[in-house]
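Numbered from 1 within each chain, the chains take letters A, B, ... in sequence-line order. Hydrogens, waters and symmetry mates play no part in the numbers below; they use all other heavy atoms, side chains included.
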Amino acid sequence: MKVVELKQESQKLTASLSGELDHHHAKEIRETVDFAVREQLPPKLVLDFTKVTFMDSSGIGLIIGRFHLMEEYGGVLEIHNPSPQIRKVLRLSGADRLAVIRNHIGGKAEKYENTQ
Amino acid sequence: MKTLNEMKCTFPARSENESFARTMVCAFAAQLDPTVEELADLRTAVSEAVTNSIVHAYRGISGGSIAVTVRLLPDSVIYVRIADKGCGIADIEKAMEPLYSSAPAEERAGLGFTVMESFTDKLQVSSKVGIGTTVIMRKKMRHGREYDCH
């Protein structure tokens, strides 16, 4: 199973992550996402956590690193659909203040979890 | 304190085993019928400890192993001991400071011990340079059932 799938649209790059985001998997995600970001320079990078079942502080390192990467050239970072476990780790680290967190409700409406 | 049940496991310090280690501890802890959140907390804390051993303790050392002991103690307490024979930590206090990492270039957030501390009830870290590091965590499964030792 691929741990990251990329989708490019005009104004954003979406990285859909899957499975367990730990130290073992973080490297592959980081390399794949960074390569695409440097190539496309999207105004917005979305890390979609819908299919992520677990994340530890390795995921925080990944998020902080991508935040700085986007910040380098004025892009923004969004985090979509983190599970309650992931949100708890985000809150503890303060990484929830680096990105807009959005939750899709039933695939229709969107709710802002926070605002920058 | 009386041990009601116990499990021990030793495995090579390879990153492929991070998932196995946290899943194994949670599978054992499931005997207490904890809530989804309690189990997720334990899973995350164990992942941090095991990752620390792999990333830091055995940096540049191959063939190292990690020994995990899990005990069920009275009052629905889970005891987890994670020990390595790696490089050891010279300054434990500094290592436990939130956001401190000895490997920031690898995007380590420096939050491993913070997560362990926050997601369990008690964290003890002992270490000797050149000998290794042992992390002991205790977590009470408050909503779990009393373990039936008969």
Identify which of [options] forms the greatest number of heavy-atom pairs closer than 4.5 Å to chain A.
options	answer
Pro104(B), Ser19(B), Pro98(B)	Ser19(B)
Thr44(B), Leu111(B), Val36(B), Asn17(B)	Thr44(B)
Ile54(B), Leu99(B), Asp41(B)	Asp41(B)

Please check if [X] and [Y] belong to a single hydrophobic cluster, counting links between Ile, Leu, Val, Met, Phe, Trp and Tyr side chain heavy atoms closer than 4.5 Å.
X	Y	answer
Leu42(B)	Leu32(B)	yes
Leu39(B)	Val46(B)	no
Ile101(A)	Met70(A)	yes
Val4(A)	Ile60(A)	yes
Leu47(A)	Phe35(A)	no

Counting heavy-atom pairs under 4.5 angstrom with chain B, the leader among Ser58(A), Ala26(A), Ser83(A) is Ser58(A)
Answer yes or no: are there more than 12 heavy-atom neighbours, outside [X] itself, under 6.0 Å from its atom [atom1]?
X	atom1	result
Tyr73(A)	OH	yes
Glu37(B)	CD	no
Lys85(B)	NZ	no
Lys27(A)	NZ	no

Side chain of Glu18(B), backbone of Asp22(A): donor and acceptor closer than 3.5 Å? no
Approximate separation, where rounding is to 0.5 Å, of [X] [atom1] and [Y] [atom2]:
X	Y	atom1	atom2	answer
His23(A)	Arg108(B)	NE2	CZ	5.5 Å
Ser47(B)	Met55(A)	OG	CE	11.0 Å
Gln85(A)	Phe119(B)	CD	CZ	7.0 Å

Honestly, the part of Ser118(B) sitting under 4.5 Å from a heavy atom of chain A is side chain
Side chain from CB out, backbone as N, CA, C, O: work out which of these in Arg14(B) comes under 4.5 Å of a heavy atom of chain A, or both, or neither. neither
For Ala109(B) and Gly61(A) the tightest heavy-atom approach is CB-N, 3.9 Å
Between Gly112(B) and Ser57(A), what is the shortest heavy-atom contact and its length? N-OG, 4.1 Å
Charged N-O contact under 4.0 Å between Arg66(A) and Glu107(B): yes
